[in-house]
Amino acid sequence: MASEIAIVNSALSKLGADPIVSLEENSRVARLCKAALPMRKKALLRGHPWNFAIARQILARLTSTPEFEYSYQYQLPQNCSRVIYVGTYQDQEWTREGNLILTNADTCEIKFIRNDIEMGMVDDCFAEVLALDLAHNICYAITQSKTLKEELRDELKRVIAESRSFDGQEGSVKAPIASDWLNSRY
């Protein structure tokens with residue numbers, strides 16, 4: 001498991017830059033990394049349901065109700081970056097509006113991506129993706145090289161696809177559920 005500074009220094013090494021000791025250093029490179037790292041981490045967490053970032057919670061119904069269309073609303077956890085699944089016992093439709101889940105179901109359980117993940121919790125594949133993404137993000141500011149930025153983009157695409165594939169292989173395969181509409185073809 002990688003630390004923040006290890007991920008940052010991995011990104012800097014991809015740029016041919018010297019490593020830093022701390023994100024609190026009074027250097028241009030440290031300030032760039034400190035500003036970019038949280039945003040890049042949140043964007044990558046939101047972009048794929050990484051196994052280490054998934055959480056589940058049964059939501060408490062709010063006393064206030066939506067103005068129209070739905071009967072109930074539920075407050076999402078503050079650390080929710082992206083809702084992956086909403087389970088309602090009645091298989092009701094739902095929608096996310098702001099930090100609320102709106103539905104006609106009187107119970108609501110969710111599976112979601114947490115955005116408050118500590119670096120010690122991330123797996124090595126995500127750490128590499130984050131280092132490449134950070135390097136790509138700060139590349140031009142440090143190197144002024146469009147060619148290197150393009151090379152990093154291409155490597156990032158390859159590594160993120162590979163990492164997502166590895167991450168998606170952990171768990172049993174869920175059989176697709178065919179609807180009556182799809183079954184009518186046969």
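Everything numeric here is computed off the predicted structure, so don't read it as measured data. In what follows, residues are counted from 1 in the order of the sequence shown.
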Enquirer: So with a 6.0 Å cut-off around CD of Gln78, is the heavy-atom count from everything else above 12?
Expert: no
Enquirer: Under the side chain to side chain donor-acceptor pair (under 3.5 Å) rule, what pairs show up with a residue in residues 35-55, not counting sequence neighbours?
Expert: Arg40-Asp133, His48-Asp167, Asn51-Asp167, Asn51-Glu170
Enquirer: Between Leu44 and Val129, does a side-chain contact (heavy atoms from CB on, under 4.5 Å) hold up when you go through it step by step?
Expert: CA-CA 8 Å; Leu44 288 171; Val129 167; 3.9 Å; yes
Enquirer: Show me, pair by pair, the donor-acceptor contacts under 3.5 angstrom made by side chains of residues 156-166, not counting sequence neighbours?
Expert:
residue, atom, partner, partner atom, Å
Ser163, OG, Val159, O, 2.9
Arg164, NH2, Gly47, O, 3.2
Ser165, OG, Gln169, NE2, 3.0

Enquirer: Go through the structure and list residues passing salt bridge (Lys or Arg N to Asp or Glu O under 4.0 Å) with Glu128, not counting sequence neighbours.
Expert: Lys14
Enquirer: With rounding to the nearest 0.5 angstrom, report the CD to CG distance, Glu4 to Asn9.
Expert: 11.5 Å
Enquirer: Do any N or O atoms from the side chain of Lys149 and from the backbone of Cys139 form a donor-acceptor pair under 3.5 angstrom?
Expert: no
Enquirer: If we only count heavy atoms from C-beta on, is the Gln57 to Phe112 side-chain gap below 4.5 Å?
Expert: yes
Enquirer: With rounding to the nearest 0.5 angstrom, report the OG1 to CD1 distance, Thr143 to Ile138.
Expert: 9.5 Å
Enquirer: Look at the side-chain heavy atoms of Ile, Leu, Val, Met, Phe, Trp and Tyr, link any pair under 4.5 Å apart, and say whether Tyr140 and Leu132 land in one connected group.
Expert: no
Enquirer: With side-chain contact (heavy atoms from CB on, under 4.5 Å) as the criterion, how do Phe126 and Leu45 come out once you've worked through the C-alpha distance, each side chain's angles and the decisive distance to 0.1 Å?
Expert: CA-CA 9 Å; Phe126 181 84; Leu45 285 171; 4.0 Å; yes
Enquirer: Checking Asp116 now: which residues fulfil salt bridge (Lys or Arg N to Asp or Glu O under 4.0 Å) with it, not counting sequence neighbours?
Expert: Arg114
Enquirer: Any idea which heavy atoms bring Cys108 and Ile101 closest together, and the distance?
Expert: SG-CG2, 3.9 Å
Enquirer: If hydrophobic clusters are built from ILVMFWY residues whose side chains come within less than 4.5 Å, do Leu100 and Tyr74 share one?
Expert: no
Enquirer: Pair Leu130, Val122 - check side-chain contact (heavy atoms from CB on, under 4.5 Å), show working.
Expert: CA-CA 10 Å; Leu130 180 55; Val122 306; over 6 Å; no
Enquirer: Determine, step by step, whether Val86 and Leu59 satisfy the side-chain contact (heavy atoms from CB on, under 4.5 Å) criterion, reporting the C-alpha distance in whole Å, the side-chain angles of both residues, the deciding distance to 0.1 Å, and the verdict.
Expert: CA-CA 10 Å; Val86 173; Leu59 302 179; over 6 Å; no
Enquirer: Is there side-chain contact between Leu12 and Ile20, with heavy atoms separated by less than 4.5 Å?
Expert: yes
Enquirer: What pair of heavy atoms forms the shortest contact from Ala2 to Ile7, and how long is it?
Expert: CB-CG1, 3.8 Å
Enquirer: Decide whether Met39 and Val8 are clustered together by the hydrophobic rule: side chain heavy atoms of Ile, Leu, Val, Met, Phe, Trp, Tyr closer than 4.5 Å, transitively.
Expert: no
Enquirer: Could you report the tightest heavy-atom contact between Ile54 and Pro49, atom names first, then the distance?
Expert: CD1-O, 3.8 Å
Enquirer: If Ile, Leu, Val, Met, Phe, Trp and Tyr residues are connected whenever their side-chain heavy atoms lie under 4.5 Å apart, and connections chain through other members, are Tyr85 and Leu102 in the same group?
Expert: no
Enquirer: Can you name the nearest heavy-atom pair linking Pro77 to Ile110, along with the distance?
Expert: CD-CD1, 3.9 Å
Enquirer: Enter the distance from Leu134:CG to Ser10:OG here, rounded to the nearest 0.5 Å.
Expert: 9.0 Å
Enquirer: Show me the donor-acceptor pairs, under 3.5 Å and distance only, between side chains in residues 23-38 and residues at least two apart or in other chains.
Expert:
residue, atom, partner, partner atom, Å
Glu24, OE1, Lys34, NZ, 2.9
Glu24, OE2, Lys34, NZ, 3.2
Glu25, OE2, Val21, N, 2.5
Glu25, OE2, Ser22, N, 3.4
Asn26, OD1, Arg31, NH1, 2.8
Ser27, OG, Ala30, N, 3.2
Arg28, NH1, Ala141, O, 3.0
Arg28, NH2, Ala141, O, 2.7

Enquirer: Would you confirm whether Arg153, through its side chain, and Glu155, through its main-chain N or O, come within 3.5 Å as a donor-acceptor pair?
Expert: no
Enquirer: If Ile, Leu, Val, Met, Phe, Trp and Tyr residues are connected whenever their side-chain heavy atoms lie under 4.5 Å apart, and connections chain through other members, are Met119 and Phe52 in the same group?
Expert: yes
Enquirer: Side chains of residues 62-72: which donor-acceptor partners sit under 3.5 Å, not counting sequence neighbours?
Expert:
residue, atom, partner, partner atom, Å
Ser64, OG, Gln73, NE2, 2.8
Ser71, OG, Asn104, OD1, 3.1

Enquirer: With distance as the sole test, does Glu109 use its side chain to make a donor-acceptor pair with the main-chain N or O of Arg56 at under 3.5 Å?
Expert: no
